[in-house]
Amino acid sequence: MARALVLVLALLLGLAAGGCADDRSSEGWLTRPMQPCPSTPNCVSSEAEDDVHRVEPLRYQGSAAAAMDALARLIEAMPRARVVSRSERYLHAEFRSRWFRFVDDLEAQIADGGLIHIRSASRIGYGDLGVNRRRVEEIRARFE
């Protein structure tokens, strides 16, 4: 039992050392473009060009403001999620994992043609066991 606990702690320390936290203010998130995914497999983005990181953007009909309002309400209703900041065309949310309280960032940005570009990424570590991709697909299913 003690050995298993040591292994879990070593794994957690390795995850923490493998990435870096992003501690920008919420205002900083509103004024910058969405960043490309790093080479690690713990990020997905509708703006990525490679299959490892690529997800489809969200699609909406009607006004961009109504779409952003609906997306913000949907995210706020999800477990362990909160919208940190948003503007007319951009949203930044945080998702916390259940057990270890790791933080993942989700960004959504209104684009032309009824699209919302979306990016979800772990702040630390290397892999995410597909958590960010599943989150985006769950949001897509609920949104569309």
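The shown structure was predicted, so the numbers you read here are calculated from the model rather than taken from an experiment.
- Atom CD of Q109 sits about 12.0 Å away from atom CG of L115, to the nearest 0.5 Å.
- No donor-acceptor pair closer than 3.5 Å links the side chain of R142 to the backbone N or O of M78.
- Counting non-hydrogen atoms of other residues, nucleotides and ligands closer than 6.0 Å to CZ of R101 gives a total above 12.
- For residues 37-75, the disulfide (SG to SG under 2.5 Å) pairs, not counting sequence neighbours, are C37-C43.
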TODO: Mind running side-chain contact (heavy atoms from CB on, under 4.5 Å) on I75 and F95 for me, showing each step along the way?
DONE: CA-CA 9 Å; I75 289 170; F95 288 80; 3.9 Å; yes
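- V103 and Y126 end up in different hydrophobic clusters when Ile, Leu, Val, Met, Phe, Trp and Tyr side chains are linked at under 4.5 Å.
- In this structure, OG in S87 is found 6.5 Å from CE in M68, a value given to the nearest 0.5 Å.
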Open item on the list: Under the criterion side-chain contact (heavy atoms from CB on, under 4.5 Å), I'd like the reasoning laid out for E107 against I118: C-alpha separation, chi angles, the key distance, then a yes or no.
Closed with: CA-CA 6 Å; E107 297 177 89; I118 192 161; over 6 Å; no
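- Contact between F143 and A67 at its shortest, heavy atoms only, is CE1-O, 3.6 Å.
- Linking Ile, Leu, Val, Met, Phe, Trp and Tyr whenever their side-chain heavy atoms come within less than 4.5 Å leaves V55 and V52 in two separate clusters.
- Applying the salt bridge (charged side-chain N to carboxylate O under 4.0 Å, His left out) definition to pairs two or more places apart or across chains, none involves residues 34-49.
- Counting only residues at least two apart or on different chains, the salt bridge (charged side-chain N to carboxylate O under 4.0 Å, His left out) pairs with a member in residues 58-81 are D69-R86.
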Task: Test side-chain contact (heavy atoms from CB on, under 4.5 Å) applied to L106 and R119, step by step - done: CA-CA 6 Å; L106 182 126; R119 178 184 190 271; over 6 Å; no
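- Residues M34 and Y90 have side chains in contact (heavy-atom distance under 4.5 Å, counting atoms from C-beta outward).
- For residues 68-144, the set of pairs meeting the disulfide (SG to SG under 2.5 Å) definition, not counting sequence neighbours, is empty.
- W99 is connected to I124 through a chain of hydrophobic side-chain contacts under 4.5 Å among Ile, Leu, Val, Met, Phe, Trp and Tyr, so both are in one cluster.
- A salt bridge links R140 and E137; the closest N-O separation between the charged side-chain nitrogens and carboxylate oxygens is under 4.0 Å.
- With sequence neighbours left out, D104 forms a side-chain hydrogen bond (donor to acceptor under 3.5 Å, both in side chains) with S122, R135.
- Partners of D50 under the side-chain hydrogen bond (donor to acceptor under 3.5 Å, both in side chains) rule, at least two apart in sequence or in another chain, are H53.
- S120 contributes atom OG, which lies 11.0 Å from atom CZ of R134 (distance to the nearest 0.5 angstrom).
- Under a 3.5 Å cut-off, the side chain of N132 and the backbone N or O of N42 do form a donor-acceptor pair.
- When every heavy atom of A66 is checked against every heavy atom of S63, the shortest pair comes out as N-OG, 3.0 Å.
- Counting heavy atoms from C-beta outward, L58 and E144 have side chains that approach closer than 4.5 Å.
- R89 contributes no side-chain N or O that, together with a main-chain N or O of A108, makes up a donor-acceptor pair within less than 3.5 Å.
- A donor-acceptor distance shorter than 3.5 angstrom exists from the side chain of S97 to the backbone of F102, with no hydrogens or angles considered.
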